[in-house]
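In what follows, a single structure is set out as structure tokens and then discussed.
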Amino acid sequence: MALDRSFFEMPTLELCLHLLGKELTHDGVGGYIVEVEAYMGPHDRAAHSYGGRRTKRTEVMFGPPGKAYVYTIHQQHCLNVVSGKEGHPEAILVRALQPTKGIEKMMERRGRADNLTNGPGRLCQALGITKAQYGWDLLESPLRIGPGIPVKRVAVGPRIGIENTGEARHYPWRFWIDGNEHVSRTRKAQKIIEL
DNA sequence: ACTTTGATGGCCT
DNA sequence: GGCCATCAAAGTT
């Protein structure tokens, strides 16, 4: 059963739990989402929309949820799912996938056979995601999120790579499938959520 | 036009 | 776990 619009209208932290296990594909190449991070908008110092910053880059986050927010950093692309209510610039960073489809294509794009999708930049490279996909609708475009596998145990901990954001560095807004081999970095979980 | 700063990845120990 | 290359975006002048 396909997802519908209301799926993306869930509160951001709740949507994080529901995104885990769903299948993300671009032109049929992709895998199950196994790791995400929430970026909670104007009051989240680690978010690009901190302070309500509204620029050409962050604009899509101010619109309706369910769209792709793609940005570049260190010559890499990162994919976020726009979440929350329209006018509230929140998003969820997709940090890792468990490859399911088009693995040959991924190896070709990555130029190697391992570490295909265990990181936000790596998975974008493997799936061929660039700023060309900025703003694409994740229900009705070649870049889409669909049904996947059930998830039992979700691990929770602080987000990665935001050490210079004051108190925000400690917020428990990173979620991953407990024990999954494709998570970008192994770290001890602060707590486990049983679904 | 110039300066600062990374929501990283790859490789090293 | 640590180091750092390298460039686009954002902010500043």
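Each chain gets a letter, A, B and so on, in the order its sequence line appears, and its residues count up from 1. Hydrogens, waters and symmetry mates play no part in the numbers below; they use all other heavy atoms, side chains included.
- Heavy atoms of A/Arg112 sit under 4.0 angstrom from primed sugar atoms or phosphate atoms, though from no base atom.
- Protein chain A contacts DNA chain B over a range whose 5' and 3' limits, counting nucleotides with an atom under 4.0 angstrom from a non-hydrogen atom, are B/dG6 to B/dC11.
- Going from atom NE2 of A/His77 over to atom P of C/dC7 covers 13 Å, rounded to whole Å.
- Atom CZ in A/Arg57 sits roughly 18 Å away from atom P in C/dC7 (whole-Å rounding).
- At the heavy-atom level, A/Arg185 lies under 4.0 Å from the strands shown only through sugar-phosphate atoms.
- Between the P atom of C/dA8 and the OH atom of A/Tyr71 lies a distance of 16 Å, rounded to the nearest Å.
- Note that A/Arg54 lies in the cation-pi zone of A/Phe62, set by a 6.0 Å cut-off to the ring centre and a 45° limit from the axis.
- In this structure, CD of A/Gln75 is placed 17 Å from P of C/dC4, rounded to the nearest angstrom.
- Of the nucleotides present, none pairs with C/dT6 by Watson-Crick or G-U wobble criteria with both distances under 3.5 Å.
- Counted by atom type alone, A/Thr100 and A/Glu23 present one or more donor-acceptor pairs between their side chains at under 3.5 Å.
- Using modelled atom types, one finds no donor on one side chain facing an acceptor on the other under 3.5 Å when comparing A/Arg122 with A/Thr117.
- A/Ile160 has its CD1 atom 13 Å from the C1' atom of C/dG1, to the nearest Å.
- Rounding to whole angstrom units, NE2 of residue A/His48 and C1' of C/dG11 are separated by 14 Å.
- In summary, the side chains of A/Glu90 and A/Thr12 do present a donor paired with an acceptor at a separation below 3.5 Å, with no hydrogens or angles considered.
- A/Asp44 places a side-chain N or O within 3.5 Å of a backbone atom of A/Ala46 that can act as its donor or acceptor partner.
- For A/Tyr39 and A/His48, the distance between ring centers is not under 6.0 angstrom.
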